[in-house]
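Below, chain A is the first sequence line, B the second, and so on; all start at residue 1.
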Amino acid sequence: MEQYNFKTIEKKWQDRWEAEGAFHALNDSDKPKYYALIEFPYPSGMGLHVGHPRGYTALDIIARKRRMEGYNVLYPIGWDAFGLPTENYAIKNNIHPKIITEKNIANFTRQLKMLGFSFDWSREVNTTDPEYYKWTQWIFLQLFKHGLAYKQEMPINWCTGCKVGLANEEVVNGVCERCGSPVEQRRKSQWMLKITEYAQRLIDDLDDVDYLEKIKIQQKNWIGRSEGAEVKFMLSSGDELIVYTTRADTLFGATYVVMSPEHPLVEKLKDQITNYDKVEEYKAAAARKSEFERTELAKDKTGVALEGIYAVNPANGDKLPVWISDYVLVTYGTGAIMAVPAHDSRDWEFAKKFGLPIIEVVSGGKNVQEEAYTDVYKGNLVNSGFLNGMPVKEAIPAMINWLEEKGLGKRKVNFKLRDWVFSRQRYWGEPIPLVYCEKCGWVPIDESELPLTLPEVEHFEPGENGESPLAKAYDWINTTCPHCGGPAKRETDTMPQWAGSSWYFLRYMDPHNKEALASKEALEYWSPVDWYNGGMEHTTLHLLYSRFWHKFLYDIGVVPTKEPYMKRTSHGMILGENGEKMSKSRGNVVNPDEVVNEFGADAFRTYEMFIGAFDQATPWSQQGLKGCYKFLERVWSLQAIVTDEEDYSSDLEKSMHKTIKKVGEDYERMKYNTAIAAMMSLVNEFTKKGSVTKGEYMTLITLLNPVAPHMTEELWETYGGEGLLSLHAWPEFDEAKTIDDEIEIVVQINGKIRDKMTVPAGLDRDSLSGIAMESEKIKSLTEGKNIVKVIAVPGKLVNIVVK
RNA sequence: GCACCUGUGGCGGAAUUGGCAGACGCGCUAGACUUAGGAUCUAGUGUCCCCGACGUGAAGGUUCAAGUCCUUUCAGGUGCACCA
């Protein structure tokens, strides 16, 4: 037996797999298909993080197991290569982002190949390849043609660092998700995608897919559906003010109304507002505040009353003061609210600060002058005319019905979800394939002209005024209108990084197709993705965006399924050895190259799967890694005690069948750590016994193959296995042989273990209790006591209750 | 503030439906083999007042039986955050 030399073994089998095209998926196969997908990486200059292979290995195990089970498996890989870090590096060093991207992809490719993933490299895609982004642009054009893309001057989140507009999803705590610079509000003309039109379907169709529950919850929260009513308040000026409320029942308790400072009525009523100078001042101050400051100062409410104006409460005719305050958002609902300080804590704070009246309309709370009572499950309406005595849950529809009858309001569903800001004032993205013509407005370029490739420019940085670097590519910009033939200018903004990643899984199905993003046949055959694993951080970004695009493509007949992914799981983070997030500044980063160099890809993969519960964050441990390496060495060393016997030995037969069952089931449930533990136990049994039959050994290495593919291929070859182990059949087990003939039963007295006994399996309650009562130990312990009850659980225990 | 998740030995973590808490690995202790050991092998390893009792963040509860179910609470993490 030679020493376990992972370096030569791993190289040998990676070359062999590649030469034989072992993991190529076929588009014309009789086998059932299986599509396993991992989020394609962004090829950053830092190289692969040890977190990447956690998800990749997990689905590699599934992909490999499926192949062994006879499926035609698609497990593809590609590059999500547009994006800011590359562009920022390009600006700093004045190197074309394309060159940087190529270099980074080469490095990532080397690293992924060294880990032995069973990707189908022949289907590699790259979002920055014009042959790829041709179709990203094509989809955008379809969105535009169907009225789902529109340009609008609107306040956007402007990152002061990246000098680029951001989607709401990209703003975290008021700062840019990428660079951490403060984000401020700016008005800018932006391309928007109407994801809000799909809000309800994005919620509803979650019922049809198998996503982790927390992913569904997070998406639903993000979309933020709420049911309520729009209520009409007449203003003294004669204008109508529509407010949105989810608590129509509290209308009698409304003591003032509040508009957001940006509400159009404020401007319109300018002449009737006697303190307009103050109002204008407040508006200006609110506009200057960034989103961050606005939320920072959330605790302390500010506002200005509109003097000279009042509103009429439609329920009781009361005259109510009208205020503006930035705690009311112009982007949500109608941009105006009715304030019910007794039953809303924000209104309560505001009322307290400005001395506005607080009227209780739901009983059951404490003194509403002391705190707002917001419970909707307890309490009945008071001071509310025809609603008096009703519980909240009944009063809400009762009031809405009343409003609808009188024409004073109507039911209304609102969503927190905003339309998707789709423009970026950046170079390294897909050009938006539209031109602006003075006569015809925005006109799509002809589809035959796709891809519209990025022009060459001298410099990649955005202009100070926030214009795209493409704005300086004069030859490229000036073109003719496809509609009227007159002079026209190209759109100089580019698409966000999320564009290319919203549909890449479709391209894998037919990556070299020149006629379509993928052929109908390929789409029919491979759709939907069976299992998609990726990071939790993409739940409200990539995952939501790609579901939206997919539904659109479904609507226009391009794809055959409503949902892109049948199953979605997420892996936990791998933390540094000190339990903190890995980062350069903390100095706790583990480099995959070093790990593989020292212990090999198989040990690295095994450890990443053994490290802990797959969905949980876990710290890295160099010792733990060594332990897994030792395990592989022990498997290797078993060669010294392998016999010629092809069958399982009689004394280990049960262990074999049990292990096959457990490992297979655990892989499916993503309980990789316990699957490996089961194989470790089996190896311990072999070692203890001092011999292992060839049949047992071959089964062990087959079970281990998805985790440690290189070493097991080598052993398979050594022992004359046929063909590649990676394509060999998955072992079967016999359920009957996983059941022990004899089992140990625990005997308890009052729930405390007093004795253990070995009995034949399958005994019923009575025989078990009988045997338990026979035990000398139990007899002596129960002597003279009153036996109240005997509980026997077949296969588990007997509990004797005595007094 | 709201939503979701997690609290189990010295450490990472096991424990279908409530049914032997601590599988498996690391670390540690002792021994063997060795010129050597940060290699390998063997045995041991929750705690204590050690033939017994206690023990899954804390406090209650349900049950013959609770890591698992219920109530309250504390701590950590993640997401959202003035969404009317």
Once base and sugar-phosphate atoms are separated, protein heavy atoms under 4.0 Å mark nucleotides 21-34 of chain B, 5' to 3', with B, S and - as S-BBSSS-------
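Both Q218(A) and G224(A) sit near RNA chain B, but only Q218(A) has its closest nucleotide nearer the 5' end. Residue whose closest nucleotide on RNA chain B sits further toward the 5' end, between E665(A) and K752(A): E665(A).
Per the geometry, CZ belonging to F350(A) stands 16 Å off P belonging to rC82(B), to the nearest Å. Rounded to an integer number of Å, the gap from CD of E349(A) to C1' of rA84(B) is 14 Å. As a whole-Å value, the separation of R418(A) CZ from rA81(B) P is 11 Å. Rounded to whole Å, the distance from CZ on R669(A) to P on rA15(B) is 7 Å.
Evaluation of atom-type donor-acceptor distances gives no pair under 3.5 Å for the side chain of K416(A) against the base of rC80(B).
A cation-pi arrangement is not found for K301(A) relative to F350(A), the charged atom failing to lie both closer than 6.0 Å to the ring centre and inside a 45° cone about the ring normal.
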Check step by step if side chain to side chain contact (heavy atoms under 4.5 Å, CB included) holds for I242(A) and V231(A).
CA-CA 6 Å; I242(A) 314 281; V231(A) 183; over 6 Å; no
Side chain to side chain contact (heavy atoms under 4.5 Å, CB included) assessment of V258(A) paired with I324(A)
CA-CA 5 Å; V258(A) 191; I324(A) 58 167; 5.6 Å; no
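S226(A) comes within 4.0 angstrom of the backbone, heavy atoms only, and of no base. Counting non-hydrogen atoms under 4.0 angstrom, K581(A) reaches nothing in the nucleic acid. Here R225(A) lies out of heavy-atom contact (under 4.0 Å) with every strand. Looking at heavy-atom distances under 4.0 Å, V793(A) makes contact with a base. Looking at heavy-atom distances under 4.0 Å, Q616(A) makes contact with sugar-phosphate atoms alone, never a base. Residue-level contact check: K214(A) touches the backbone only, with heavy atoms under 4.0 Å from sugar-phosphate atoms and none from bases. If you check every strand for non-hydrogen atoms under 4.0 Å, N221(A) touches sugar and phosphate atoms only. At a threshold of 4.0 angstrom between heavy atoms, the contacts of A617(A) are confined to the sugar-phosphate backbone, with no base atom among them. Among the atoms of the strands shown, only primed sugar atoms or phosphate atoms (P, OP1, OP2) are found under 4.0 Å from some heavy atom of I611(A).
Residue Y327(A) places no side-chain N or O under 4.0 Å from the OP1 or OP2 atom of rA84(B). Here K756(A) does not reach the OP1 or OP2 of rC20(B): none of its side-chain N or O atoms lies under 4.0 Å away. The shortest distance between the side-chain N/O atoms of S345(A) and the OP1/OP2 oxygens of rG1(B) is not below 4.0 Å.
Anti is the conformation of rC51(B), whose glycosidic angle sits further than 90° from 0. In textbook terms, a nucleotide whose glycosidic angle is within 90° of 0 is syn, and rG9(B) is one such case.
By the 30° and 60° cut-offs, the orientation of the rings of W620(A) relative to F604(A) is tilted.
rG9(B) and rC54(B) are spaced 14 Å apart, taking the C1' atom of each and rounding to whole Å. Taking atom P in both rA75(B) and rA58(B), the straight-line distance is 15 Å, to the nearest Å.
At most 12 non-hydrogen atoms from other residues, nucleotides or ligands lie less than 6.0 angstrom from NZ of K581(A).
With rA84(B), rC64(B), rG13(B) as the choices, the nucleotide that has an atom nearest any side-chain atom of V328(A) turns out to be rA84(B).
Ion pairing between a basic and an acidic side chain is recognised when a charged N comes within 4.0 Å of a carboxylate O; K654(A) and E735(A) show no such pairing. Residues K658(A) and D740(A) are paired through a salt bridge, judged by an N-O separation under 4.0 Å between the basic side chain and the carboxylate.
Pair assignment for rC24(B): rG12(B), on the basis of Watson-Crick or G-U wobble contacts that are both within less than 3.5 Å.
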